[in-house]
Structure formats: C-alpha cells, structure tokens
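I have placed the structure first, in the form of structure tokens, so that the comments after it can refer back to it.
Each chain gets a letter, A, B and so on, in the order the sequences are listed, and its residues count up from 1. Every value quoted in this text rests on a predicted model; they were computed, and no experiment measured them. In what follows, every heavy atom counts, from backbone to side chain, and hydrogens, waters and symmetry copies are set aside.
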Amino acid sequence: MGHTRVRFAPSPTGYLHIGGARTAIYNWLFARKTGGVFILRIEDTDVSRGSPELVQGILDGLRWLGLDWDEGPYFQSQYAGEHREAAQKLLESAHAYRCFCTPDELKARRERALAEKRDVKYDGTCRNLSPEEVKAKEDAGVPFAIRFKMPEGPGSVAFRDEVYGPIEKRFADLEDFVVVRSDGSPLYILSNAVDDIRDGITHIIRGQDGLANTPKQILIYEALGKEPPVFAHMSFTLDPKRAKISKRRHGEVATVEFYRTHGFIPWAVLNFLVLLGWSTPDDREFFDRAELIRAFSLEGVGKASSVFNFHKGDPKFITDPKLMAINAHYLRTMELSELAPLIRAEMEAAGIWDDMFEGAEREWFLATVDLIRSRYHLLSDFVTEGAAYFSDEFPMNENALNKNLLKSPELAGWLPELADEIDALEGFTLESTEGAIRGFADKKGVKAGVIINGVRAAVTGQLKGPGLFDVLIAVGKDRVVRRLREVGRYY
RNA sequence: GUCCCCAUCGUCUAGCCAGGUCCAGGACACCGGCCUUUCACGCCGGCGGCAGGGGUUCAAAUCCCCUUGGGGACGCCA
C-alpha cells in the first residue's frame, strides 16, 4: 500500500471524548497495520484558538490509551495563510466567486425558506454578478465572503467510501458553500482539505458526519488540482436512547479521563472501543497489541451505529457492562508484571503503597494480587475491597460486620482466644491454620463456618474473598493475630 | 423543505457482498446448576433476535421494492 498517512484531527475541547478516541484508535490501527504514519492535528480555528490547556486533555487521553503519533501535533490555526491562498487560487480559476450577501440577509432568507418549507440552499444571488458589478462593490468596500462555485448541469460527484461503498451526490443537491468568511478567515471545509493536502493524507478515517461533506471536499481537491484521498467513514456511537453521546448530556463517562481515574486498564478501554463498530469474521474479542494490529481492517468496520450501553445511576455498572467485563477479564488474565504498575498507581494515590512491594516483598505482592484479582473488576478494587491485604488501614464492610461478627457476640471473646492459639502455632501454613480453626470450632461446639466467617471479617473487613486459609497466609501471621486480638473494637 | 445513510437476541456482534451447510452462532447482561466455609473465577444449561409487508427463486437473515423506525447533512460552527 505504499506509505499511508492518516490523521486524527480533533478540535481542542479540553478532553478526549470516547467517540473521538474511537476515531483516533481506528486511524492509529490503520497506520500501524499499513506501516504508515499517524498524524495528530488540532483543528483550533474559530473560538478555541490559542488555548494550550484545552489541547492537553486530548494529548493526555491519547497517551493514556497508548496511541502514539508520528507527527504533530500540528495546529490548524497556523496555516490560515495557506488556506487563504488556496481560496485565492479557487477565485482565480473561477472555481469560486465573491459573495456580497450579508450574513443577516442570508439568515433571513434561510429562515423564510424553512418557514415556507422550501429548500434552504443558497439561492445564488451573487453567483452571476457581472465583472463590473463585482468591481463596483469591491471598490465601494462592500465586504465579501468567498463561495465555492458548484458545477452546473446534471453531473455528480462519485466516490467509493471504504465502509459505506459507492456514494454519489448530484451537483444539483449541493450548494455554493462559503469557503472564506467576509473577515477573511477560512472555514473548516476548506482548511481541512488544504491541511490534508499539505500533510499528504492518503486515507481519511473519520466520523460519519463527514460523509455529507465529502463530495464538497472532493470538489475542492479537484478544483485545486489534487487527487482526493481514500475516505472511510465510521458510524456513530449513540446512547441507549439513540442520541449522540456528549459530555454535556452524559457527563464524565463520555470522556477517556473518566476511565483513567476510575480504575480501568487502558488496553481494556481500547479493546472495548475498537469493538464498538468493528469486528473480525471469527468474532474474536480479546487481542494483544500485535494481534489487534494484525487483525484490524477497514473491511470489518460496520455501517450501523452502535449503542454505548450506559445507564446513569446504575449501582452495579458505572459504565457499559461489556466494558467492565473486558476490564475484569484483563485484570484477572494479564501478566502480573504488567498489572503490578497499574495497581501501584492506585495504591500510591490511596497512600498505601510501600516500596517493599517492589523490593523484598515483590513475590508476596504479586502472589497476593493474583490471589484476589479474580473477583475484582476495577484497579481501584485493590485499594478498597483489597486494602486489608496491603495495609493495616482498611474499611470494615457493614454487612460483614453485622452478619459475621455482631450476630455472634461470643466471637468478641473467642477470636482473641483463637489469636493466642494461632500465635502459638509451630508453623503458619494452610494446614496448620485450618487445623487450628476447625479444632477451635469443635471445641466451642459451633460450625466451622461461624469461626471462618468471623475471622474473615475481622482480618479483611470483607464478607467474601478467597479461601480463608489462603487469605491468612497472604495477610501474614502477625497481622492476623493482631487483628483477631483487636476484634473487640467492633463490638 | 431537500439530500444522504443505516436496520440480526436488552447491548456488542458473526452470517449478508459470491442465496441452501442458519428452525441464525458467539460475547456481555440476566436466570438456573456444578464447584465451595463465603464471594468470584471456571464449567454446564436456560432466556432472548433476522423491524413489518410485498416480490424474485426449487430455496432468502442473505437479492429487489415499499413501509416503518433510527441517524446524519443542508451555518460567514469544527
């Protein structure tokens, strides 16, 4: 395929939206797949021009997902001169003309057309001005915008979209669109095309809203004497009500930042996002980086929009259940050595990280993570539900307290007694602890479960968890004994 | 008002382009079971869909048309 060049061109909004992330992912994957170049370009014309902090959120999101770009970030605002030059060329080659209609006039005409249920396209008032009329207005200093001159006649623009197939649009259904404002500033549709030409973009992979703009942009390419690139439009991601996802409506869940701060594994998020509207013929769902790059293809991109299945206020799923399932899958299956740094970050943030976990206690740390990870969904679970394994500061689950400790008041006295027996144990092993606890239950004439559950609650603050004897070994003799002796504080 | 796109379980989807092997397969979610001191994991099973209607054909989820539903574009926004 030669050297492909693709770009992700977000406007600086301050955060990376999940829809934008998906677009970025597809571009990145395509570049990596084809050995091409992935370019980052910030489309900062108009309002948000010149606010670096709004760009930062986007860069952070891309980096967190592991998407590395080869060129850029370029800033569209820096090329306004080029965009204007292109408009000049269009004017000179009669592919565009000066339009002296004022925005107010246009707005009025437009509203009238809408009210009368007529077509709202530009009526072509200035299209056929004579050279004399144009000169007179220019001399009089009447401000003008520049409009692209749509070809006349029954012709059409045709192209093949890599995901939607052949698309054809009649000139008659298009209008003379504005390319430069009357204040001389270029518009997106022009700037975008000019930038793509300059950056040598070979494949434009973008959201489906660009599909309707594509014929116009192809016309711009042709008027400028350039070969249009290959286009591939991706369907949208909608909410369960089939409305577009936005930060405004849906809040933080719509941003990558949310996942970064809520215990998600970057690769899991990427894996989920890539599956939203793309699949392989064998319907595979988990990939490592190399596998995904190998498997990716524009052919697998679906035409139908997909739903991001998020329900605000759901106590069980803070985001799409599938995303949580994928996160949990990676959490329990990924290499411990790769998982450890992610957990470390959580623990540092929670203030319970100890450098020993990467030093003398590394083996213990990894084994403990491995012991508990199969029941966790989020990285943050290690510092909430899992805090007792790593720190003496841990929360006591209310249900565990009521059901397994308070309900059996005798435990207040028994557990310290058991602590002494465990402390006196020859060895501290699965066998010895199990023997001690079952023997203790027999001696007190209760079912082992009563003691086991009480110990679990006192030692981990949890109602559930791995097999208790494994838990004891992981937590360690000293801590177990201490926590059992101090059980009185809960009564 | 004009133009364009889309349509398989609740959700993500395989199958559709090259019609039969599909009384439609997988995943998530949900329900039940096994395992078990608990909870997960794992395993087994269940629930659940070709939007509707016409064609074409020996045969249609697959091809064609219409209807319905959804989305998008039509800015001196990006």
Looking at the rings of A:F296 and A:Y26, which for Trp means the six-membered one, are their centres under 6.0 Å apart? yes

Check ion pair A:E175-A:R127 (N to O, under 4.0 angstrom): no

Heavy atoms from C-beta onward define the side chain here; which of B:rU37, B:rG72, B:rC28 lies closest to that of A:I452? B:rU37

Relative to the 5' end of RNA chain B, which residue comes earlier, A:K216 or A:N213, by the nucleotide with the nearest heavy atom? A:K216

Whole-angstrom distance between B:rA24 and B:rC64, as gauged at atom P: 24 Å

Please tell me if A:K117 has a side-chain N or O lying less than 4.0 Å from either OP1 or OP2 of B:rG1. yes

Can you label the angle between the A:F310 ring and the A:F308 ring as parallel, tilted or perpendicular, going by 30° and 60°? tilted

Using a heavy-atom cut-off of 4.0 Å across all strands, would you classify A:A304 as base, sugar-phosphate, or nothing? sugar-phosphate

Which value, in whole Å, describes the distance between the C1' atoms of nucleotides B:rG26 and B:rG46? 16 Å

Rounded to whole angstrom, note down the C1' distance from B:rC22 over to B:rG15. 8 Å

State plainly whether the residues A:E43 and A:R41 are in salt-bridge range, i.e. N to O under 4.0 Å. yes

Is the phosphate of B:rG42 approached by A:R332 (side-chain N or O, under 4.0 Å from OP1 or OP2)? yes

A:V307 has its side chain closest, among B:rC74, B:rC41, B:rC12, to B:rC12

Examine B:rA78: is either OP1 or OP2 under 4.0 Å from a nitrogen or oxygen in the side chain of A:R181? Give yes or no. yes

Side chain A:S182 and base B:rC76 donor-acceptor under 3.5 Å: yes

Could you please name the option among B:rA14, B:rG71, B:rC74 that lies closest to any side-chain atom of A:E175? B:rC74

If I pick the P atom on B:rU11 and the same atom on B:rG70, what distance separates them, to the nearest angstrom? 15 Å

Using the P atom in both, what is the distance from B:rG71 to B:rU57, to the nearest Å? 37 Å

Is the distance between the ring centroids of A:F287 and A:W278 less than 6.0 Å? yes

For B:rG75 and A:R110 - does any side-chain N or O of the residue sit under 4.0 Å from the phosphate oxygens OP1/OP2? yes

For A:R7, is there an ion pair with A:D199 - N to carboxylate O distance below 4.0 angstrom? no

Using the P atom in both, what is the distance from B:rG25 to B:rG45, to the nearest Å? 13 Å

With a 3.5 angstrom cut-off on both distances, give the Watson-Crick or G-U wobble partner of B:rA18, or none if there isn't one. none

Only pairs with both distances under 3.5 Å count, Watson-Crick or wobble alike; so what is the partner of B:rC77 in this structure? none

Please measure how far the C1' atom in B:rA18 lies from the corresponding atom in B:rA61, and state the result in whole Å. 16 Å

Using the C1' atoms only, state how far B:rC9 lies from B:rA29, rounded to an integer number of Å. 12 Å

Can you figure out which of B:rG72, B:rU37, B:rC12 approaches the side chain of A:K244 most closely? B:rG72

What nucleotide among B:rA78, B:rU13, B:rU2 has an atom nearest to a side-chain atom of A:D119? B:rU2

Assess the pair A:F286 and A:H329: is the distance between their ring centroids shorter than 6.0 Å? yes

With a non-hydrogen cut-off below 4.0 angstrom, is A:R242 in contact with a base, only sugar-phosphate, or nothing? sugar-phosphate

For B:rC43, which nucleotide is its Watson-Crick or G-U wobble mate, given both distances must be under 3.5 Å? B:rG33

Classify the ring geometry between A:H17 and A:Y15 as parallel (under 30°), tilted (30 to 60°) or perpendicular (over 60°). tilted

Counting heavy atoms from C-beta on, name the nucleotide in B:rC5, B:rC39, B:rA27 closest to the side chain of A:K464. B:rC39

Give one of base, sugar-phosphate or nothing for A:G210, where a contact means two heavy atoms less than 4.0 Å apart. nothing

From the set B:rG25, B:rC76, B:rA27, return the single nucleotide nearest to any side-chain atom of A:P103. B:rC76

Classify the nucleic acid contact of A:Q76 as base, sugar-phosphate or nothing, counting any heavy atom under 4.0 Å across all strands shown. sugar-phosphate

Partner of B:rG69 under the Watson-Crick or G-U wobble criteria, both distances under 3.5 Å, comes out as B:rC6

Indicate whether OP1 or OP2 belonging to B:rC30 is found under 4.0 Å from a side-chain N or O atom of A:K316. yes

N/O donor to acceptor pairs below 3.5 angstrom from side-chain atoms of residues 459-473 of chain A, sequence neighbours left out:
unit_1, atom_1, unit_2, atom_2, d
A:T460, OG1, A:R456, O, 2.7
A:T460, OG1, A:Q462, N, 3.1

If each of A:D320 and A:Q208 is mapped to the nucleotide of RNA chain B with the nearest heavy atom, which maps nearer the 5' terminus, i.e. the 5' end? A:D320

For A:L468, answer base if it contacts any base atom (sugar-phosphate contacts may also be present), sugar-phosphate if it contacts only those atoms, and nothing otherwise; contact means non-hydrogen atoms under 4.0 Å. base

Among the nucleotides B:rG72, B:rA73, B:rC4, whichever has the atom closest to the side chain of A:R170 is B:rC4

Looking at the side chain of A:K303, which of B:rC12, B:rC6, B:rC3 is the nearest nucleotide? B:rC6

Check: A:S374 side chain, B:rA40 base, donor-acceptor under 3.5 Å: yes

When all nucleic acid strands are considered with a 4.0 Å heavy-atom cut-off, which category describes A:I372: base, sugar-phosphate, or nothing? nothing

A:R375 (side chain) and B:rC39 (base): donor-acceptor pair under 3.5 Å: yes

B:rA27: pairing nucleotide in any strand, Watson-Crick or G-U under 3.5 angstrom: B:rU11

Any strand is fair game: report the nucleotide pairing with B:rA60 by Watson-Crick or G-U wobble, both distances under 3.5 Å, or none. none

What is the nucleic acid contact for A:P466, judged by heavy atoms within less than 4.0 Å: base, sugar-phosphate only, or nothing? base

Picking from B:rC74, B:rU13, B:rG70, which would you name as closest to the side chain of A:S306? B:rU13

When we call it a touch if two heavy atoms are under 4.0 Å apart, what does A:F272 touch: a base, just sugar-phosphate, or nothing? nothing

